[in-house]
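Before any comments, here is the structure.
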There are 2 protein chains.
Amino acid sequence: MDPNSSQRASVTVADVARKAGVSKATAARVLGGYGTVSDRVRDAVTVAARALDYRPNELARSMTTGRSGTIGVVVGDIENPFFSLAVRGITDIARQAGFTVILINSGEDVSAEKAAIRTLVAKRVDGLIVSPAKESDVEHLREAARSGRPLALLDRGSEAFEVDTVIADDRHAAAGITRQLIELGHRRIAYITACDTPDRVFHTPNDINTGSVRRRVEGFLDTCREAGLPAMERWVYMGAVTPEQTRQIAKRMLEGKNRPTAVIASDSVIGLEIFKTSRLIGLAIPQELSLISFHDADWTAVTSPPVTVVRQPVYQLGETAAKLLVERLNGNDTAPRKVVLRTEVVERASVARLLED
Amino acid sequence: MDPNSSQRASVTVADVARKAGVSKATAARVLGGYGTVSDRVRDAVTVAARALDYRPNELARSMTTGRSGTIGVVVGDIENPFFSLAVRGITDIARQAGFTVILINSGEDVSAEKAAIRTLVAKRVDGLIVSPAKESDVEHLREAARSGRPLALLDRGSEAFEVDTVIADDRHAAAGITRQLIELGHRRIAYITACDTPDRVFHTPNDINTGSVRRRVEGFLDTCREAGLPAMERWVYMGAVTPEQTRQIAKRMLEGKNRPTAVIASDSVIGLEIFKTSRLIGLAIPQELSLISFHDADWTAVTSPPVTVVRQPVYQLGETAAKLLVERLNGNDTAPRKVVLRTEVVERASVARLLED
DNA sequence: TTGAAAGCGTTACCAC
DNA sequence: GTGGTAACGCTTTCAA
C-alpha cells in the first residue's frame with residue numbers, strides 16, 4: 001500500500017541514482033567505492049542514499065564480482081570447548097580481514113560434512129576451513145579444493161592430501177606423556193577416545209580416522225613398544241562419543257580387576273567424565289589412578305587434584321588456519337603449507353608414581 | 001587454456017540445458033525441482049547435470065527468490081560455553097528446518113553488533129537471532145526488524161521492544177538464591193558481573209545494559225531490600241570482562257577486611273575465577289566463603305567442593321529462539337511472543353550457613 | 001509439457 | 001567524469 005513506510009522492496013542503486021539525478025553507473029561508482037567521480041556528484045549520491053536509507057545487496061554484488069566475502073567453516077562440534085575456542089580464533093582473523101564466517105557443525109559425521117561442504121560451495125564461499133571427520137574420506141574436500149576454492153585443514157591433516165594444514169604436534173605430545181607414565185612405573189596405561197570402529201574394538205591406528213587422534217595413538221603405541229610394552233592395542237578404548245557413553249566405558253574400564261593404573265583422555269570432555277567416574281567409584285587420583293587429559297580446559301586447574309594436561313594452542317590453531325586461508329584468498333599461490341604448532345605439558349597433580357602392583 | 005580440466009568457471013543451467021538438448025527454462029525446472037517436466041526430459045537433464053558436475057549457485061537462486069536460506073546469529077562471545085551451547089541449539093533447529101547459520105561475534109560491543117547486523121542484512125539473511133549487548137541501544141535491531149526480516153532475541157529481551165524473545169527467569173532465580181543466602185545468615189553478599197559502567201561503579205540496575213544481568217541484579221537487590229538489607233548496591237561488582245580483570249576484582253574484593261561472606265557469580269567464567277582466587281588466597285569454600293554461580297558449566301560438578309549453580313536451559317534457549325524464528329519464516333504472523341524458560345538451582349556444596357561474623 | 005524472455009541488484013566494459 | 005548496457009546464474013511469467 002504505502003511503499004514508503006513498509007519498505008518491503010529494498011532500495012537499489014537505481015533508486016538512489018534517480019533521486020540524485022545521475023545515471024545508475026555513476027551512483028554505483030560512489031556507492032560501491034570504485035571508479036572515479038566528481039565531488040559534487042559524490043555528495044549528491046551520498047545524500048540521496050542516506051535519505052533513501054540505501055543498503056547494498058551483497059548477494060547481487062557477489063553475483064557479479066564472483067566473491068562473497070565469506071569463509072565457510074566446518075567443525076565437529078561447536079559445543080566442544082576445543083572447537084569453540086578455535087572458531088573464535090578463526091572468526092577474529094576473518095573479521096579483521098573483512099570476511100564473514102558461515103559455521104556448520106558436522107557432528108563428526110562424514111555425510112553431514114559432505115552436505116555442509118556442498119551447501120557452502122553452493123553459497124559460493126570464498127574459502128573453506130574444515131576439520132575433517134575422517135581423514136581417509138576426503139574426496140569431497142579434494143573436489144572442493146579442485147573447484148578453485150582455497151581450503152585449509154584444521155587440527156586434522158591428511159597425509160595423502162596436499163593442502164594448507166594446521167595441526168598440533170599430537171604424536172610428540174602423546175609420546176611424551178606416555179614416556180613419563182612409563183617412567184613412573186605404569187604398565188597398564190589406557191588411552192580413551194571418541195573415535196570409533198564398527199566393532200568398537202581397536203586393532204591398528206589405521207582404525208582411527210580422525211587425524212589428530214590417530215597421531216596421538218601412534219605416539220602412544222610406539223612409545224610403549226620402545227619401552228618393551230607390546231600389544232598395548234588392547235588398552236585403547238573407543239566410542240566415547242557422548243558423556244553418557246564415556247561414563248559407561250569408564251565404569252567398565254575402571255571397575256575391572258585388571259584396571260589401568262593410568263589413563264590418557266583424548267579431550268577435555270572425556271577427561272572430565274573419567275574424573276567424575278573415578279570419583280564416583282571411589283578411585284583416588286592420583287594415588288590409585290593417574291590421569292592426563294588433552295586440552296587445557298578451564299576446569300582442569302580447579303579440581304582436586306588439578307589435572308595434568310597437554311596444552312594445545314587451540315586459539316592459535318584457528319587463527320593460523322584462517323591466516324593461511326586469507327593469504328590464499330589474497331592471491332598467494334605457493335605450495336601448500338603444513339604448520340605444526342607446539343603443545344606443552346602442564347604438570348599438575350593428577351599423575352603419580354606407581355607404588356606397587 | 002583448457003576449460004575442461006581447470007573448471008574455473010562453474011557450470012550453469014545453460015550448460016546443462018545445452019548438453020541435454022533442452023531449453024534453459026526446462027533444465028532449470030528439473031534442476032530446481034519446481035514446475036513440471038516429462039520423465040524423458042527429466043532424465044536427460046539429470047544425466048547431463050551429473051556428467052557436467054553441475055552445482056547450483058545459491059547466490060543466483062537467492063537473487064531471484066529473495067530468500068537466502070540463511071539465518072544470521074549475533075552472540076556476545078562464542079568462546080563462552082553459554083553461547084556455544086546456545087548456538088548449538090540454534091544450528092540444530094536451523095539445519096533441521098533447512099537453514100544455514102551465519103555466526104558473528106559481537107564481543108559484547110554495541111558498535112560491533114551494529115556492524116554485524118549491517119553485514120547480515122546486506123547478505124540478505126532471511127532472519128536474525130541476536131543477544132543484544134545493550135538492551136537500551138536497540139535502534140539498529142528495531143530497524144532490522146522493520147525491514148521485514150524476522151528477528152528473535154536470545155537471553156536478553158528489551159521490554160520496550162516488541163519482538164519474539166526467549167529468556168530465562170533470571171530475576172526469579174536471582175531472588176531465590178539471594179533469599180537462600182540471607183536465610184543462611186549471610187549479610188555481606190556480593191554480585192559480580194562482566195557488565196560495566198564508565199566509572200565502574202554500580203548505582204542502579206539501569207546502569208546495567210545486559211537484559212539478563214539487569215533482571216538478576218534487580219532480583220538480588222529487591223530480595224535484599226525485602227529482607228531488610230538496604231543499600232546493597234555497593235556489593236555489586238562490575239567489569240569482570242576478562243579472566244584477568246575478574247581475578248583482580250576478586251582479589252581486591254576478597255582480601256578486604258570487610259569482605260563478602262557469599263558471592264554470586266553472573267556466569268560460569270566468572271564463577272571459575274572466583275573459585276580459583278578464593279583458593280589462591282586461602283579462603284575456604286564454603287566455610288569462609290559461600291559461592292553460587294549462574295550457568296551449570298561442566299566443571300562445577302567436579303571441584304572440591306562442587307559448586308552450587310543456577311542451571312539455565314541454555315541449549316533450549318537457543319533451540320526455542322530458532323523455533324520461533326523458523327515459524328516466522330514459515331509465515332506465522334501473530335503477535336510477538338516472549339518465552340521465559342525456567343531455571344533450577346542445583347544444590348551442591350559451595351554454600352554454607354554463616355557461623356558468626 | 002516446453003521455450004522465450006524478462007527480471008533480481010550489482011559490477012564492469014566501452015564509448016562519449 | 002559520466003552514461004548506456006551487457007553480463008552474472010537463476011527463477012518466473014507468459015505463450016505456444
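What you see below is based on every heavy atom in this structure, not just the backbone, and it leaves out hydrogens, waters and symmetry mates. Since this is a predicted model, take the numbers as computed values, not measurements. A note on names: the letters A, B, ... follow the listed sequences, proteins ahead of strands, and every chain is numbered from 1.
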Which is true for A:S38 with a 4.0 Å heavy-atom rule: it touches a base, it touches only sugar-phosphate, or it touches nothing? sugar-phosphate
For B:K19 and B:L52, which heavy atoms make the closest approach, and how far apart are they? CD-CD1, 3.4 Å
Considering all heavy atoms of both residues, which atom of A:V75 and which atom of A:L103 are nearest to each other, and what is their separation? CG2-CD1, 4.2 Å
If I take atom CG in residue B:L59 and atom C1' in nucleotide D:dA7, what distance separates them, rounded to the nearest angstrom? 15 Å
Taking only the side-chain nitrogens and oxygens of B:T26, find out if one of them lies under 4.0 Å from OP1 or OP2 of C:dT2. no
Short side-chain N/O contact from A:S23 to OP1 or OP2 of D:dG4, under 4.0 Å: no
Please write out the pairs of protein N or O atoms and N or O atoms of nucleotides 10-13 of chain D separated by less than 3.5 Å, giving the distance to one decimal.
{"residue": "D:dC10", "atom": "OP1", "partner": "B:Y54", "partner atom": "OH", "Å": "2.6"}
{"residue": "D:dC10", "atom": "OP1", "partner": "B:N57", "partner atom": "N", "Å": "3.4"}
{"residue": "D:dC10", "atom": "OP2", "partner": "B:V13", "partner atom": "N", "Å": "2.6"}
{"residue": "D:dC10", "atom": "N4", "partner": "B:K24", "partner atom": "NZ", "Å": "2.8"}
{"residue": "D:dT11", "atom": "OP1", "partner": "B:R61", "partner atom": "NE", "Å": "2.7"}
{"residue": "D:dT11", "atom": "OP2", "partner": "B:Y34", "partner atom": "OH", "Å": "3.3"}
{"residue": "D:dT11", "atom": "O4'", "partner": "B:T64", "partner atom": "OG1", "Å": "2.9"}

Distance under 6.0 Å and angle within 45° of the ring axis: does B:R142 meet both against B:F161? yes
Does [Y] offer a backbone N or O that forms a donor-acceptor pair with the side chain of [X] under 3.5 Å?
| X | Y | answer |
| --- | --- | --- |
| B:D15 | B:T12 | yes |
| A:T26 | A:V22 | no |
| A:T65 | A:R67 | yes |

For A:N209 and A:S136, test the side chains for any donor-to-acceptor distance below 3.5 angstrom and give the result as yes or no. yes
Checking side-chain polar atoms at under 3.5 Å, does B:T70 have a donor or acceptor matched by the opposite partner on A:K123? yes
Are B:H140 and B:K114 close enough that some pair of their side-chain heavy atoms sits under 4.5 Å apart? yes
Before accepting this row, confirm whether a basic side-chain N of the pair B:R95/B:D92 lies closer than 4.0 Å to the acidic partner's carboxylate O. yes
Angle of first-five versus last-five pair axes in the helix from C:dT1-D:dA16 to C:dC16-D:dG1, to 10 degrees: 40°
Close approaches to DNA chain D from residues 41-51 of chain B, in residue order (heavy atom, under 4.0 Å): none
